[in-house]
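If you're wondering where the values come from, they're calculated on a predicted model, not measured in any experiment. Proteins get letters first, then strands, A, B, ... in listed order; numbering begins at 1 in each.
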Amino acid sequence: MPELPEVETVKLALVPALQGRMVRHAHVGRKDLRWPLPENLAERLTGRYFTQLGRRGKYVLMMLDNAEVLLLHLGMSGSIRIHQTPPQLGKHDHFMLEMAPLHDQEPTSYIVLNDPRRFGWIDLFAESEMPNHKLLSGMGPEPLGNEFSAAHLRAVLRGRTGPVKNALLNQQLIAGIGNIYASEALFYAGISPRRKAGTIAGRRAQRLAASIVSVLRAAIEAGGTSLRDHVQPGGEIGYFVQRLAVYGRAGQPCPVCAEPVKTLVQSGRSSFYCSRCQG
DNA sequence: CGGCATCCCTGGGAGC
DNA sequence: TGCTCCCAGGGATGCC
């Protein structure tokens, strides 16, 4: 489900739900998602408050007042919902933060993590451990940050013999791109998903880098892409699904040349492309 | 190291 | 309505 724009949408929605509140209660529904949850997670969160929210790739990073970090990853099917009243927890609501206001006039907020497939995960660790964190270290630069450029793209793709589509999914090279935006970015750059990653240079690298940035930015503005599971934390769908050019549109006309959109499977995952526009 | 298949898990939709 | 099969926004792991 959630790629960089969806995770960014989640992060933005969490800010007002966390601000001016402390954890009155943390509910842990099961001891494992993809991996075992941190020991004593609920106890370690109770009474704490969040000082800052960040995002790295597809991870939400929630800084606590005791210099620990709560990390959330939503996997394929994870979503966050924020409620103003105590919610009825369903079968796949695995984790909830009850955030009590520090000032009486504000409502309590209830932040619920739902994840049917349980490919998501949660971690809690000291901020000082961040640089050597197993999941975070080794991640490529943020595509919307200063370190990302056509030159960087060129450098990390150089020498790679696999298809560029697969390289875009590799979080070690660039953070945050998933199956939807890999197809979309390649479409806007006019590059075939089959092209060998190592042959992306010069103008192609320029176009691809620019397409990655613009498609991610546009998706964030639209509140992300809602397919099945993903909704914004307030329950709104993300409207970017209506603006996808090729992803999920097999057989439908290419928005540029009307040629039917094709699919292929690469490393077990579907790619969508226009055979005329993407050379 | 790079590339690829396999596996983790549940549910929704298509097709019969 | 019900069954089966296939597919799904991710990524770790293990094999070549």
*May I ask you to check whether A:D115 and A:S77 show a side-chain donor-acceptor distance below 3.5 Å?*
yes
What contact category does [X] fall into here, base, sugar-phosphate, or nothing, at under 4.0 angstrom with non-hydrogen atoms?
X	value
A:D115	nothing
A:K91	sugar-phosphate
A:P5	nothing
A:R34	base

*Between C:dG10, C:dA12, C:dA8, which one does the side chain of A:Y59 approach most closely?*
C:dA12
*Name the closest nucleotide to the A:P116 side chain, picking from B:dG3, B:dG11, C:dA8.*
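In terms of side-chain proximity for A:P116, the closest of B:dG3, B:dG11, C:dA8 is B:dG11.
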*May I ask you to evaluate whether A:H73 reaches the phosphate of C:dG11, defined as a side-chain N or O under 4.0 Å from OP1 or OP2?*
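For C:dG11, OP1 or OP2 has a side-chain N or O of A:H73 closer than 4.0 Å.
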*Please check the phosphate of C:dG11 (OP1 and OP2 only) for any side-chain N or O of A:K58 closer than 4.0 Å.*
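Answer yes for this pair, as a side-chain N or O of A:K58 is under 4.0 Å from OP1 or OP2.
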_When you measure only distances, ignoring hydrogens and angles, does the side chain of A:R269 come within 3.5 Å of the base of C:dA8 through a donor and an acceptor?_
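No pair found.
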*Take the angle between the ring planes of A:H73 and A:W121 and call it parallel below 30°, perpendicular above 60°, tilted in between.*
parallel
_C:dC3 to B:dC9 separation - P atoms, rounded to the nearest Å_ =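 C:dC3 and B:dC9 have their P atoms separated by 24 Å.
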*Quick one: list whatever passes side chain to side chain donor-acceptor pair (under 3.5 Å) with A:R44, sequence neighbours left out.*
A:E68
*Would you please enumerate the stems DNA chain C participates in, each stem being three or more consecutive Watson-Crick or G-U wobble pairs with both distances under 3.5 Å?*
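When the pairs of DNA chain C are grouped into runs of at least three, the stems are B:2-8 with C:10-16, B:10-16 with C:2-8.
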